[in-house]
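Here is the structure we will look at, set down as structure tokens.
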Amino acid sequence: MVEIKPVYNTVVCLGIQKDFADIFASKEFSDVTLVAQDGIKLKAHKAILCARSQVFAAMFRNNFEESKTNRIQIDDMDAEVIEEMLKFLYTGGDISEKFAEELFIAANKYSLLDLQTMCENTLINTMKFATVADVLLLADRLTNERLKTKAAKFIVNNIETVTETEGWKKLCQTDNDLSRLVLENTKRTVKRMRYWRYNSDSNSSTESDQSGT
């Protein structure tokens, strides 16, 4: 018996990606409408949504309102973000840093694990003083420990700059426990650094005395 192994051809994959991008752009044979919080309607295909998301699949496989009306009301996302989410569902392409936070929320809501990982990596790799407090709050709210740990470490390493930002001030007002936790971690880090510095200086002094004798 001859074993047939799949051949992953880059040209073929790119061609398929382009075909699905064209399907999304043309909206031909679309059979479901997504309505954003600003009332804008976007057309899509049930088969794509269900194949890519268990949450969307459950809407149409069960006797939910969406399966009767072929309409999905999304009251917590604007049209721009929904369109970016749909582009990813159809093509699996890269995401824009501009929409990383909003898409991260969407990925968690609709169980889009690939998109969630991509957004998580983007948020980690593009952390900034002005927005890292927002990222920390988001990671805590969505219980993403990796992102939360990375954001907290970034803040600790840049505590003087970050605590002057509007994002940090908002965090203190929104979640005092979380901001206090970061400050406590900062204090522990400073203590460890002082301890290591003291031991290092002591060892150097001892070695100097021994060499002198």
Side-chain angles (χ1 to χ4, degrees), residues 34 36-38 40 42 52-53 55 74-89 91-205:
L34 289 77
Q37 63 181 4
D38 47 12
I40 296 176
L42 298 96
R52 299 284 276 150
S53 165
V55 176
I74 304 179
D75 293 326
D76 56 355
M77 294 167 61
D78 62 33
E80 215 175 7
V81 176
I82 295 174
E83 184 170 18
E84 289 297 315
M85 178 183 72
L86 290 174
K87 284 180 182 177
F88 179 84
L89 293 182
T91 68
D94 294 333
I95 64 167
S96 168
E97 178 186 340
K98 174 184 176 182
F99 298 105
E101 287 190 36
E102 291 88 346
L103 289 174
F104 188 57
I105 296 171
N108 278 268
K109 178 179 179 179
Y110 293 110
S111 190
L112 308 173
L113 300 184
D114 291 345
L115 180 59
Q116 179 180 333
T117 299
M118 188 174 289
C119 292
E120 179 183 321
N121 290 335
T122 299
L123 290 170
I124 289 172
N125 294 329
T126 60
M127 282 186 185
K128 298 178 178 63
F129 300 135
T131 58
V132 66
D134 295 331
V135 173
L136 176 66
L137 186 60
L138 177 63
D140 184 65
R141 179 157 61 90
L142 298 180
T143 62
N144 187 297
E145 290 302 319
R146 177 173 175 249
L147 182 58
K148 182 178 177 180
T149 299
K150 293 287 187 179
K153 184 177 181 180
F154 184 94
I155 294 173
V156 169
N157 291 339
N158 302 277
I159 191 67
E160 292 184 2
T161 304
V162 173
T163 51
E164 294 298 319
T165 65
E166 290 301 319
W168 175 262
K169 295 172 184 176
K170 185 177 73 173
L171 174 63
C172 293
Q173 296 173 350
T174 305
D175 195 328
N176 193 44
D177 290 338
L178 184 58
S179 59
R180 187 184 300 114
L181 177 64
V182 173
L183 292 175
E184 289 174 355
N185 288 339
T186 304
K187 291 179 182 178
R188 285 195 291 269
T189 300
V190 171
K191 286 182 180 179
R192 284 197 297 268
M193 291 177 64
R194 288 175 176 172
Y195 175 78
W196 291 333
R197 189 178 298 115
Y198 173 79
N199 284 338
S200 177
D201 292 343
S202 297
N203 291 335
S204 297
S205 177

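All values derive from a computational prediction rather than experimental measurement.
The two residues Ala152 and Leu136 have their closest heavy-atom pair at N-CD1, 4.1 Å. Met85 approaches Leu115 most closely through the heavy-atom pair CG-CD2, 4.4 Å. Here the shortest heavy-atom pairing between Ala151 and Val135 reads CB-CG1, 4.3 Å. Contact detail for Ala106 and Leu112: the closest heavy-atom pair is O-CD1, 4.5 Å.
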Donor-acceptor contacts, no H, no angles, side chain residues 75-83, under 3.5 Å, sequence neighbours left out:
{"residue": "Asp75", "atom": "OD1", "partner": "Gln73", "partner atom": "NE2", "Å": "2.9"}
{"residue": "Asp76", "atom": "OD1", "partner": "Lys109", "partner atom": "NZ", "Å": "2.9"}
{"residue": "Asp76", "atom": "OD2", "partner": "Lys109", "partner atom": "NZ", "Å": "3.2"}
{"residue": "Asp78", "atom": "OD1", "partner": "Glu80", "partner atom": "N", "Å": "3.3"}
{"residue": "Asp78", "atom": "OD1", "partner": "Val81", "partner atom": "N", "Å": "3.1"}

Under 3.5 Å, which donor-acceptor pairs do the side chains of residues 159-167 form with other protein atoms, sequence neighbours left out?
{"residue": "Thr163", "atom": "OG1", "partner": "Ile159", "partner atom": "O", "Å": "2.7"}
{"residue": "Thr163", "atom": "OG1", "partner": "Glu160", "partner atom": "O", "Å": "3.3"}
{"residue": "Thr165", "atom": "OG1", "partner": "Val162", "partner atom": "O", "Å": "2.7"}
{"residue": "Thr165", "atom": "OG1", "partner": "Trp168", "partner atom": "N", "Å": "3.2"}

Original post:
Between Leu147 and Gln116, does a side-chain contact (heavy atoms from CB on, under 4.5 Å) hold up when you go through it step by step?
Top reply: CA-CA 11 Å; Leu147 182 58; Gln116 179 180 333; over 6 Å; no
**OP:** Show your reasoning for whether side-chain contact (heavy atoms from CB on, under 4.5 Å) applies to Arg52 and Phe88.
**Re:** CA-CA 10 Å; Arg52 299 284 276 150; Phe88 179 84; 3.5 Å; yes
Original post:
Can Asn108 and Asn144 be said to form a side-chain contact (heavy atoms from CB on, under 4.5 Å), step by step?
Top reply: CA-CA 10 Å; Asn108 278 268; Asn144 187 297; 5.8 Å; no
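You'll find the side chain of Leu103 reaches within 4.5 Å of the side chain of Glu84, heavy atoms only. With a 4.5 Å cut-off on side-chain heavy atoms, Leu86 and Leu34 count as touching. Inter-residue side-chain proximity for Ile124 and Arg146 is flagged as met; some heavy-atom pair is nearer than 4.5 Å.
Looking at residues two or more places apart in sequence or on another chain, you find no salt bridge (charged side-chain N to carboxylate O under 4.0 Å, His left out) involving Glu101. Scored by the salt bridge (charged side-chain N to carboxylate O under 4.0 Å, His left out) test, Lys150 finds no partners at all (sequence neighbours excluded).
Listed by first and then second residue, the salt bridge (Lys or Arg N to Asp or Glu O under 4.0 Å) pairs involving residues 127-138 are Glu97-Lys128, Asp134-Lys170 (not counting sequence neighbours). For residues 121-154, the set of pairs meeting the ring pair (Phe, Tyr, Trp, His ring centres under 6.0 Å) definition, not counting sequence neighbours, comprises Phe129-Phe154.
With Leu171 as reference, Leu178 is the one residue of Val132, Leu178, Asn176 to meet the side chain to side chain contact (heavy atoms under 4.5 Å, CB included) rule.
Counted by atom type alone, Asn185 and Arg180 present zero donor-acceptor pairs between their side chains at under 3.5 Å.
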